[in-house]
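All of these numbers come straight from a predicted model, not from anything done at the bench. Every chain is numbered from 1, with letters handed out A, B, ... down the list of sequences.
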2 protein chains.
Amino acid sequence: MTIKDVARAAGVSTATVSRVLNESGYVSQGARERIAQVMREMNYQPNALARSLKQERTRTVGLILPDMTNAYFMAAARRLQQQLLEQDYHLIYMDSGEDPDKELEAIGLLRQMRVEALILAGTGAHAALLAQLQAAGTPVVLLDRRVEGLAADLVVEDNAAAAEQAALYLLDRYGADIGFIAGPDRVSTARERRSGLTRALQARGVQLAPERIYAGDYTRASGRAAAAHFLGLARRPQAVFSANNEMTFGLYLGMKEHGLALDAMEVVSFGRLDAAALFTARLSVIVQQPERIGEAAAELTLRRVLHKQQRDAAGGESLVFAPRLEWASAND
Amino acid sequence: MTIKDVARAAGVSTATVSRVLNESGYVSQGARERIAQVMREMNYQPNALARSLKQERTRTVGLILPDMTNAYFMAAARRLQQQLLEQDYHLIYMDSGEDPDKELEAIGLLRQMRVEALILAGTGAHAALLAQLQAAGTPVVLLDRRVEGLAADLVVEDNAAAAEQAALYLLDRYGADIGFIAGPDRVSTARERRSGLTRALQARGVQLAPERIYAGDYTRASGRAAAAHFLGLARRPQAVFSANNEMTFGLYLGMKEHGLALDAMEVVSFGRLDAAALFTARLSVIVQQPERIGEAAAELTLRRVLHKQQRDAAGGESLVFAPRLEWASAND
DNA sequence: CTGTTAGCGCCTTCAT
DNA sequence: ATGAAGGCGCTAACAG
């Protein structure tokens, strides 16, 4: 089923068929209709590979995510895909599983597929390669996470500011009697959330004992471990600040396991925790907006690939969204 | 950056470069090393479009899912992708959003991209088109959901049997004093779960009053509405059977809103509900296994595309997995 | 308005 | 062991 078959069946040359395919150049009404008819009858689908090869344009964007079972990323991805689709751009996903090696492989594959742009929520490991990609003319858009040493377009949330605000609230209420469950330091959002806390501590002139900070890794299991840790202390914190919602879920699991009421400690968490609507807790959340992140990333990407808008040599455009804080008193 | 550039830089012809790229034919040790060296230096990435065009082989599989924010599907997709990647096959996702029109568009796009196979958790709308695709030589593998009127490879869970078992348990315990929250009838899993209930009712010679069946649509909102419905009845059911976990979540939300304790009714639900670990309930779940579904779909697909194993004219291979039932007494 | 032609980057005989 | 050449399906001048 090629353009040749269509041309023959319609009694025209391939060029004419190509013209109706691309809505370019002049084609008589009669020919146009005949060709359209034939295409429908044969159920012809143009070969995207051949078109892309010839046009040097794939209308394709790569997206690398660390975990495609993560609700936050998938919400962003979904919106992103919708937006791109409106401009006839297609998304090719890859899942790195937080593994730099797999990320490297994914980047390679996407390059081979000649994606016109790369959107990345990365492990942070391949700054040099990404810079090279950019230099070669493929726009790179960082999503949610920064990559140290890489000046690229950026769509992120203001983690530090939100964390600082949340921490100030807790410090003013409980002083140093709080616990912090940190994320993995290799991820920029985790670093920023930690530094927000640090800023708040400095602002209030408070020191946090080392055992009040638990080094988690954004997983539910580490939140559960944090609960065990905090509840094992001579004096357990009155409140906990958790750097993401998975760890918060784990924290509650751990509290339950230790026979503690779930509203025994006040908790502030990054990211929504739907489950909290079903039990009694004192939970405040820093509400993120993956859809807006996805939409902004799409908009930025399209600007680069559609309008060939060049990035400044110095650095890219930064879009920073402020998460909303949702304070909750006992929510039962 | 083409094979020509590499050839020139290495002082050989493009044919030789192609040979090392494909590890085919004879290449002297010296040439091989020189070429590999040049490729590394130039950071050459072969053009997948050109290769696929020439080889008539894209090493690409299409996957259409109804909702890429759904944990079940994404768990399956992840496993699927991992398995395919091991054989150097790549997955191209599309999200249909449960919309037949978008699904149609997605199928078209994937055809244009010349995917070697299509894996589909569909809206059930395009049996004829899919049959045509199959006839044209593109294997179609149905994931989780059947498509009426289409004889294709199939990887699903045994919804009817599991639903029947669950229903029998409830009927033996509460007689007709139970409620059922059904899924949308256009989805095969919903139909099967409903028919499992029907079988159980017949087996026990019990009739369920029409108001004891609520027509949900697999969304949380419809579960919440179901709660409102059941609790508004003159006599509320003593137990509820919910056709999926999102609706179960909604059910609990609704119960909470009506001031009912979450263990006031016994509940059996399709699909895990993680949140239940955090509150007191009487919930039993029919545990699904998306990873196994994904793995099986990958295995089946690879058999078709790698070994060109033909499907029987009559129908495809059916892999039916039995979900595990996890009975819980009060889980506090 | 339409057809002819020359590639896009790569692979694959067929010679050598 | 290597190179020359044709063609995968399509588009984009250029002629007519």
Mind listing the closest non-hydrogen atom pair of [X] and [Y] along with its distance?
X: A:Ala298; Y: A:Gln83; result: CB-CB, 3.4 Å
X: B:Leu118; Y: B:Leu133; result: CD2-CD1, 3.8 Å
X: A:Gln134; Y: A:Ala152; result: OE1-CB, 3.2 Å
X: A:Asn47; Y: A:Leu49; result: OD1-N, 2.8 Å

Just to be sure I understand the rule, does B:Leu21 reach a base, reach only the sugar-phosphate, or reach nothing, if contact means heavy atoms closer than 4.0 Å?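 B:Leu21: backbone/sugar contact only, no base atoms under 4.0 Å.
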Name the nucleic acid region contacted by B:Val12, choosing base, sugar-phosphate or nothing; use a 4.0 angstrom heavy-atom cut-off, strictly under.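 Sugar-phosphate contact only.
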For the pair made of [atom1] in [X] and [atom2] in [N], what is the distance, rounded to whole Å?
X: A:Glu56; N: C:dA6; atom1: CD; atom2: P; value: 19 Å
X: A:Arg111; N: C:dG9; atom1: CZ; atom2: P; value: 15 Å
X: B:Met1; N: C:dC8; atom1: CE; atom2: C1'; value: 15 Å
X: B:Leu49; N: D:dT11; atom1: CG; atom2: P; value: 13 Å
X: A:Arg114; N: D:dC10; atom1: CZ; atom2: P; value: 20 Å
X: B:Lys4; N: C:dC10; atom1: NZ; atom2: P; value: 10 Å
X: B:Met113; N: D:dC8; atom1: CE; atom2: C1'; value: 19 Å
X: A:Glu23; N: D:dT11; atom1: CD; atom2: C1'; value: 15 Å

Angle between terminal axes - the helix from C:dC1-D:dG16 to C:dT16-D:dA1, 5 pairs each end, rounded to 10°: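 End axes: 40° apart.
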[options]: which one has an atom nearest the side-chain heavy atoms of [X]?
X: A:Asn22; options: D:dT11, D:dG3, D:dC8; value: D:dT11
X: A:Thr2; options: C:dC10, D:dG9, D:dT11; value: D:dG9
X: B:Ile3; options: D:dG9, C:dC11, D:dC10; value: C:dC11

Which residue in the set B:Leu91, B:Leu110, B:Leu63, B:Val305 passes side chain to side chain contact (heavy atoms under 4.5 Å, CB included) when paired with B:Val115?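 The single option meeting the side chain to side chain contact (heavy atoms under 4.5 Å, CB included) with B:Val115 is B:Leu110.
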I want to check something: taking the side chain as every heavy atom from C-beta on, are [X] and [Y] in contact at a cut-off of under 4.5 Å?
X: A:Thr60; Y: A:Arg114; result: no
X: B:Thr69; Y: A:Arg79; result: no
X: A:Leu150; Y: A:Leu142; result: yes

Please assess A:Glu33 against A:Gln37 for the test side-chain hydrogen bond (donor to acceptor under 3.5 Å, both in side chains), listing each intermediate value before the final yes or no. CA-CA 6 Å; A:Glu33 279 166 15; A:Gln37 175 65 16; over 6 Å; no
In chain order, what residues pass the side-chain hydrogen bond (donor to acceptor under 3.5 Å, both in side chains) check against B:Asp185, with sequence neighbours excluded?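 So B:Asp185 forms a side-chain hydrogen bond (donor to acceptor under 3.5 Å, both in side chains) with B:Arg194.
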Nearest-nucleotide comparison on DNA chain D, the residue closer to the 5′ end among B:Gly25 and B:Leu53: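 Whichever sits nearer the 5' end wins; that is B:Gly25.
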Partners of A:Arg191 by salt bridge (Lys or Arg N to Asp or Glu O under 4.0 Å), sequence neighbours excluded?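 Result, salt bridge (Lys or Arg N to Asp or Glu O under 4.0 Å) vs A:Arg191: A:Glu148.
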Considering just the side-chain nitrogens and oxygens of B:Thr16, establish if one lies under 4.0 Å of OP1 or OP2 belonging to D:dG3.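 Yes.
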Can a side chain N or O of B:Arg51 be found less than 4.0 Å away from OP1 or OP2 on C:dC10?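 So the side chain of B:Arg51 is outside the cut-off, no N or O lying under 4.0 Å from OP1 or OP2 of C:dC10.
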All N/O contacts under 3.5 Å from nucleotides 4-6 of chain D to the protein, with atom names and distances to one decimal?
from  : atom 1 : to      : atom 2 : distance (Å)
D:dG6 : N2     : B:Lys54 : NZ     : 3.4

Pairing donors with acceptors under 3.5 angstrom, does anything connect the side chains of A:Arg78 and A:Gln81?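 Their side chains do not contain a donor-acceptor pair, so the 3.5 Å distance test is not met.
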Among B:Lys102, B:Arg186, B:Glu103, B:Arg145, exactly one meets side chain to side chain donor-acceptor pair (under 3.5 Å) together with B:Thr123. Which residue is that?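 Among B:Lys102, B:Arg186, B:Glu103, B:Arg145, the one meeting side chain to side chain donor-acceptor pair (under 3.5 Å) with B:Thr123 is B:Glu103.
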Counting only heavy atoms and a strict 4.0 angstrom limit, can you tell me which residues of residues 26-35 of chain B come near DNA chain D?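 Contacts with DNA chain D under 4.0 Å: B:Tyr26, B:Val27, B:Ser28, B:Ala31.
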Short of 4.0 Å, heavy atom to strand atom, which residues of residues 40-47 of chain A count as contacting DNA chain D?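 Heavy-atom contacts with DNA chain D come from A:Tyr44, A:Pro46, A:Asn47.
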Heavy atoms from other residues, nucleotides or ligands near CD of B:Glu41 exceed 12 (cutoff 6.0 Å):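 It does: B:Glu41 CD has more than 12 such atoms within range.
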Whether B:Glu157 and B:Arg292 form a salt bridge (side-chain N of Lys/Arg under 4.0 Å from carboxylate O of Asp/Glu) is what I want to check.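 Not counted as a salt bridge, because no side-chain N and carboxylate O are separated by less than 4.0 Å.
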